[in-house]
Asks: 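The following block contains the structure, expressed as structure tokens.
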Amino acid sequence: MAHPSRTHKDYQIGIICALTTEKAAMVAMLDESHPGFKKEDRDDNDYTLGRIGVHNVVIACLPAGLTGNGPAAIIAINMRRSFPIKFGLMVGIGGGVPSKKDDIRLGDVVVSQPTGSHGGVVQWDFGKTGKGGMFQRTGSLDKPPRVLLHALQSLKEREITDGIDLEASLALMVQNKPRMGETYRHQGADQDQLFKATYDHEGDETCDECDPNSIVWRRARSDSTPKIHYGNIASGNEVMKHGTTRDVIAKEEGVICFEMEAAGLMDSFRCLVIRGICDYADSHKNTIWQPYAAATAAAYAKELLSIIPPQEIVPTKKAAEVLLKSTGTPDLPRVGVYDT
């Protein structure tokens, strides 16, 4: 039975994950779990409710086997059907774009921050073919809401003055869910290998058969504490797993991470995108870093929510209620994500 003082209206922060691995890490960060509510008709999402700090949150995951911008948009629309979401977080894993400017390592966290001409997320595979057969990316995506950008600025200030203690949240995750400790852990610096962009993977899932002479030398870090990086994130319906293409797009669009869901959310579900880096978006990608990367992203999300004061969450209405009053039907319209 639901707590008598809590209703749907108390859950105004939505968190969306694409994979079970990601949602498990986010659920393990909850300070308190809450029982569920009856959903609106035609909302087939599966929700986990709980509290992080002073905020009640609702967490949803894409259906098994589905990835990409389209399924993510459907999850967001249904969440807004059942809950009066004010803003959201997209939390999970992504492929990093390491460079001299951004020394990104596996397990680090990339956060979508408006940079240059982009609002924090750019769909790299959406556009048209122009003169000479050149592909031109078109359209723009909305920025995260100001409350999240203010929180982001405060958290960046804290990182400079006192540091962001993601390790404490990671320890809490293991304390809450001990069996996750073995899988959701740092995999060791020796398992973090960056190969030259032009060198393609050889062999099975591991890089045991890859040429060690093609590994890019990087200065060793003093410890395994994940670093936080801020900038534009590239989102597309295809997995990026080619080093040369990765670098070309990253240079053209000024992105530091690739993923597959955020572009489906930004205009219909205003959110901040938080990605733990599990690979380098090249042919050497594998799954061994995914749990730890999911955990570091979830840990950052927890820290971010701790910055947002409770008064920022104000009473609002569920999207279904607004549409029912204005149109007589609870059906949400299809939301156009792009301007052409």
Asks: When you measure from the side chain of E259 to the backbone N and O of E261, does any donor-acceptor pair fall under 3.5 Å?
Replies: yes
Asks: Which atoms form the tightest heavy-atom contact between S235 and A263, and what is the distance?
Replies: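 Heavy atoms of S235 and A263 come nearest at OG-N, 3.0 Å.
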Asks: First locate atom CD1 of I104, then atom CD1 of I256, and finally report the distance between them rounded to the nearest 0.5 Å.
Replies: 4.5 Å
Asks: Please answer whether the main-chain N or O of G53 pairs with a side-chain N or O of D31 as donor and acceptor at a distance below 3.5 Å.
Replies: yes
Asks: How long is the gap from CG on L305 to CG on L155, to the nearest 0.5 Å?
Replies: 10.0 Å
Asks: Return yes if a side-chain donor-acceptor contact under 3.5 Å exists between H34 and Y11, otherwise no.
Replies: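 Y11 and H34 do have a side-chain donor-acceptor pair below 3.5 Å.
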Asks: Students often mix this up, so state it plainly: with edges at 30° and 60°, are the rings of F83 and H8 parallel, tilted or perpendicular?
Replies: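 F83 and H8: tilted rings.
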Asks: So, are R105 and D103 salt-bridged, with charged N and O less than 4.0 Å apart?
Replies: yes
Asks: So how far is it from I228 CD1 to L166 CG, rounded to the nearest 0.5 Å?
Replies: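 So the gap between those two atoms works out to 4.5 Å.
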Asks: Keeping the roles fixed (side chain from N176, backbone from A28), state whether a donor-acceptor pair exists under 3.5 Å.
Replies: yes
Asks: Does W289 use its side chain to pair, donor to acceptor, with the backbone of Q191 at less than 3.5 Å?
Replies: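 Side chain of W289 to backbone of Q191: a pair is present.
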Asks: Verify, without hydrogens or angle tests, whether S154 (side chain) and H150 (backbone) share a donor-acceptor contact under 3.5 angstrom.
Replies: yes
Asks: Would you call E205 and K285 a salt bridge, using N to O less than 4.0 angstrom?
Replies: no
Asks: What heavy-atom pair brings D190 and Q187 nearest, and what distance separates the two atoms?
Replies: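 That closest heavy-atom pairing would be OD1-O, 4.2 Å.
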Asks: Would you name the heavy atoms of T296 and P226 that are closest together and state the gap between them?
Replies: CG2-CG, 4.0 Å
Asks: Tell me if a side-chain donor or acceptor on E202 pairs with a main-chain N or O of D211 at a distance below 3.5 Å.
Replies: no
Asks: Would I93 end up clustered with V111 when hydrophobic side chains under 4.5 Å apart are linked, directly or stepwise?
Replies: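 No: no chain of side-chain contacts under 4.5 Å links I93 to V111.
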Asks: Would you say the side-chain atoms of T115 pair up with the backbone N or O of Q113, donor to acceptor, closer than 3.5 Å?
Replies: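 Yes, T115 side chain to Q113 backbone: donor-acceptor pair under 3.5 Å.
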Asks: Please round to the nearest 0.5 Å and tell me the distance separating atom OG of S112 and atom CG of L148.
Replies: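 The CG atom of L148 is 9.0 Å from OG of S112, to the nearest 0.5 Å.
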Asks: For residues H284 and Y199, establish whether the separation of their ring centroids is below 6.0 Å.
Replies: yes
Asks: Taking all atoms of both residues into account, what is the closest heavy-atom pair of A294 and T21, and its distance?
Replies: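 The pair with the smallest heavy-atom distance is CB-O, 3.8 Å.
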Asks: Do NZ/NE/NH1/NH2 and the carboxylate oxygens of D43 and K38 come within less than 4.0 Å?
Replies: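 Salt bridge absent between D43 and K38.
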Asks: Looking at P145 and F87, what are the two nearest heavy atoms and their distance?
Replies: CG-CB, 3.6 Å
Asks: Return the minimal non-hydrogen interatomic distance between A76 and L265, and the atom names on each side.
Replies: CB-CD2, 3.5 Å
Asks: Quick one: CG on D102 to NZ on K227, what's the gap to the nearest 0.5 Å?
Replies: 13.5 Å
Asks: First locate atom CG of D279, then atom CG of L194, and finally report the distance between them rounded to the nearest 0.5 Å.
Replies: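 So the gap between those two atoms works out to 11.0 Å.
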Asks: Counting only N and O atoms by type, is there a donor-acceptor contact under 3.5 Å from the side chain of D10 to the main-chain atoms of T7?
Replies: yes
Asks: F258 and side-chain contact (heavy atoms from CB on, under 4.5 Å): which partner among M240, K241, E238, R275?
Replies: M240
Asks: If only side-chain N and O atoms count, and only distance matters, is there a donor-acceptor pair under 3.5 Å linking E253 with H118?
Replies: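 There is such a pair (donor and acceptor under 3.5 Å, judged by atom type) between the side chains of H118 and E253.
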Asks: For a quick check under 3.5 Å, do Y47 and N45 share a side-chain donor-acceptor pair by atom type?
Replies: yes
Asks: For a 4.5 angstrom cut-off between non-hydrogen side-chain atoms, does M29 reach M26?
Replies: yes
Asks: Do T245 and D247 have side-chain atoms, one donor and one acceptor, less than 3.5 Å apart?
Replies: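 No, D247 and T245 have no side-chain donor paired with an acceptor closer than 3.5 Å.
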Asks: Closer than 3.5 angstrom, by distance alone: can the side chain of T287 be matched with the main-chain N or O of Q290 as a donor-acceptor pair?
Replies: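 No, the answer is negative, given that no donor and acceptor are paired below the 3.5 Å cut-off.
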Asks: Counting only N and O atoms by type, is there a donor-acceptor contact under 3.5 Å from the side chain of N232 to the main-chain atoms of G120?
Replies: yes
Asks: Taking only Lys NZ, Arg NE, NH1 and NH2, and the carboxylate oxygens of Asp or Glu, determine whether R185 and E182 approach each other closer than 4.0 Å.
Replies: yes
Asks: For the pair D192 and R218, find out whether any cationic side-chain nitrogen is under 4.0 Å from an anionic carboxylate oxygen.
Replies: yes
